[in-house]
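Here's the structure, in structure tokens; my notes come after.
Order of the sequence lines sets the chain letters (A, B, ...), proteins ahead of strands, with each chain counted from 1. Because the structure is predicted, anything quoted here is derived from the model rather than measured.
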Protein chains: 2
Amino acid sequence: MKKATSGKMKKPATQREEFRGKIIDALAQTMDLYGVNYSFGQLYGIMFFEDKPMTLEKMQASMNMSKSNMSYAVRALIDSKMASKLKEKEERKDLYVAETDFFKAFQSFFATKLQREIDVMRGALDAVIPPLSETILELNTTEEERKLCLEDLHKLKHAVNYYEWLQRFVNDLQSGIYFEGRQDG
Amino acid sequence: MKKATSGKMKKPATQREEFRGKIIDALAQTMDLYGVNYSFGQLYGIMFFEDKPMTLEKMQASMNMSKSNMSYAVRALIDSKMASKLKEKEERKDLYVAETDFFKAFQSFFATKLQREIDVMRGALDAVIPPLSETILELNTTEEERKLCLEDLHKLKHAVNYYEWLQRFVNDLQSGIYFEGRQDG
DNA sequence: CCAATCGTTCAATAATTATTTAACAAATTG
DNA sequence: CAATTTGTTAAATAATTATTGAACGATTGG
């Protein structure tokens, strides 16, 4: 992804808006690093500075983009728990706020991604290890093939260990213990 | 990114190759999650199973893709330290190996990404905080504008704390202390 | 209960990214 | 040192993803 050329954000009027723009760009670049659409990252940045809950209409105005795209964007942010929808509405319109605590945002974003990774890999490992083991155990498997299967199995067992460790890591991340030495909140 | 339809991998001949294919697909999906080109992720998977060093030619044959693209792919893997180039060559051809220790691969991949994030964000914060502070200190700043700037400054200071914490986290990640409880190596 | 409006989805289009082909410089062998 | 051969890059093309506009059901306010 890349800085979109369509629907460019409105030009900074004050110096403060210019500063915000720089931080928003850095945030969007950062999120882009992890596979998040650059524009969706920008929206996070805008919501980060906007202290009040925002409507889709407001987002549309800030980003100069279609409401449709804002709908997709805000949903993506909600999926990775970087934003949330409020229960209240403002004259029929849904309201959304960004998670402005970077520590919590980090926790949510990575925990979500890592958990998805674990689920995908565990799914594949669980599907492959049993029949691979079976092949090794079968009498009519050639000696050469058995040797190759054993090597693969060894690698997959290493992967299982890794993903068990990673699951503990994610649990710890969610528990908050890594944030114990933090300064501020 | 998405499973490429061009240059599809050769069909599995043995059951073992089919199993490998499933794991390779899961690995590629996983890397895709973090913004890595799916095909490049597949290449990592192939190198992961191939125990010997590989040449570009070999990669080309395994993936049914151009040597050019394999050159790009292997470089991306090297950049995130998931693979490395050997000093030796095999009849003029460069040799590459994948990092097969998932713990080390994790360490490298995330440390690289997170460090890039820290650098981008610190760059923006360092560029913005001093002039923003200056604006607040200036006499001819309106009361309203000063209030808004102060709110922004507060948020950015929180971000600085976060990135200081994240830098310590990355240092710890690189030191290996998070892997102390691991089972296997 | 009707008219307006919100948010979502689908299909179309625009924009970006992935991949290839071709050209080239560096290295190497005979 | 000439002829190959390698790996990289640039430009062109193919494929995918992002964004929009329009259509629709749901909701709500009159």
Side-chain angles (χ1 to χ4, degrees), chain A residues 1-10 28-29 31-44 46-47 53-80 83-97, chain B residues 1-9 28-29 31-44 46-47 53-79 83-97:
Chain A
M1 279 157 225
K2 207 177 147 189
K3 223 162 162 172
T5 52
S6 83
K8 25 194 157 242
M9 286 175 64
K10 57 171 183 257
Q29 267 186 257
M31 295 177 66
D32 194 5
L33 268 178
Y34 300 106
V36 177
N37 181 325
Y38 181 93
S39 301
F40 295 6
Q42 278 185 308
L43 178 62
Y44 173 75
I46 289 172
M47 294 174 79
M54 286 183 89
T55 63
L56 284 184
E57 197 180 40
K58 189 84 190 293
M59 297 174 198
Q60 192 182 180
S62 315
M63 304 251 317
N64 265 82
M65 282 188 157
S66 68
K67 187 168 59 155
S68 174
N69 208 30
M70 295 301 95
S71 171
Y72 288 130
V74 83
R75 189 172 348 159
L77 294 179
I78 289 173
D79 283 348
S80 54
S84 52
K85 175 149 81 166
L86 302 185
K87 282 190 293 286
E88 318 87 80
K89 292 192 177 200
E90 179 184 272
E91 16 181 309
R92 291 182 163 207
K93 300 187 191 85
D94 288 342
L95 290 167
Y96 304 90
V97 286
Chain B
M1 278 157 227
K2 206 178 147 189
K3 223 163 162 172
T5 50
S6 84
K8 26 194 157 240
M9 287 174 63
Q29 268 185 257
M31 295 177 67
D32 194 5
L33 267 179
Y34 299 106
V36 177
N37 181 324
Y38 181 94
S39 301
F40 296 6
Q42 278 185 309
L43 178 62
Y44 172 75
I46 288 172
M47 295 175 77
M54 286 182 90
T55 64
L56 284 184
E57 197 180 40
K58 190 83 192 292
M59 297 174 198
Q60 192 182 182
S62 315
M63 303 250 317
N64 265 82
M65 281 188 158
S66 68
K67 187 170 57 158
S68 174
N69 208 31
M70 295 300 95
S71 171
Y72 289 129
V74 84
R75 190 176 342 161
L77 295 179
I78 289 173
D79 283 347
S84 53
K85 174 149 82 165
L86 300 185
K87 283 190 294 286
E88 317 87 80
K89 293 191 176 199
E90 179 184 272
E91 14 180 312
R92 292 181 163 206
K93 301 186 190 82
D94 289 340
L95 291 168
Y96 304 89
V97 286

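Rounded to whole angstrom, the span from the CE atom of M65(A) across to the C1' atom of dT8(C) amounts to 18 Å. Rounded to whole Å, atom C1' of dA18(C) lies 7 Å from atom CZ of F40(B). Look at CG on N69(A): it is 17 Å from P on dT13(C), rounded to the nearest Å. Rounded to whole angstrom, the span from the CE atom of M59(A) across to the C1' atom of dC6(C) amounts to 13 Å. D32(B) has its CG atom 12 Å from the C1' atom of dT17(C), to the nearest Å. Atom P of nucleotide dC6(C) and atom NZ of K58(A) are separated by 16 Å, given to the nearest angstrom. The CG-P distance, from L43(B) to dA18(C), rounds to 15 Å in whole Å. Separating the OH atom of Y38(B) from the P atom of dA15(D) is a distance of 17 Å, rounded to the nearest angstrom.
Atom CE of M65(A) and atom CG of L43(A) lie 9.5 Å apart (nearest 0.5 Å). The distance from the OH atom of Y72(B) to the OG atom of S66(B) is 9.0 Å, given to the nearest 0.5 Å.
An OP1 or OP2 oxygen of dT16(C) is reached within less than 4.0 angstrom by no side-chain nitrogen or oxygen of N37(A).
Two residues are said to be in side-chain contact when any heavy atoms from C-beta on lie closer than 4.5 Å; L77(A) and M47(A) meet this criterion. Taking 4.5 Å as the limit, some side-chain heavy atom of I46(B) sits within range of a side-chain heavy atom of M54(B).
Taking the C1' atoms of five terminal pairs at each end of the helix from dC1(C)-dG30(D) to dG30(C)-dC1(D), the two resulting helix axes are inclined by 20°, rounded to 10°.
The backbone N or O of K67(B) lies less than 3.5 Å from no partner atom in the side chain of S71(B), so there is not a single donor-acceptor pair.
For the pair V97(B) and P53(B), the tightest heavy-atom approach, listed with the atom from each and the gap, is CG1-CA, 3.5 Å. Residue K85(B) comes nearest to Y96(B) through the heavy atom pair CD-CE2, 3.6 Å, listed as atom of the first residue, atom of the second, then distance. What you find for A28(B) and G41(B) is that their closest heavy atoms are CB-C, 3.8 Å.
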- line: For nucleotides 2-9 of chain D, 5' to 3', base contacts (B), sugar-phosphate-only contacts (S) and non-contacts (-) with protein non-hydrogen atoms under 4.0 Å give --BBSBSB
Would you be so kind as to tabulate the donor-acceptor pairs closer than 3.5 Å made by side chains of residues 87-94 of chain A, with sequence neighbours excluded?
from	atom 1	to	atom 2	distance (Å)
K89(A)	NZ	D94(A)	OD1	3.2
K93(A)	NZ	E57(A)	OE1	3.4

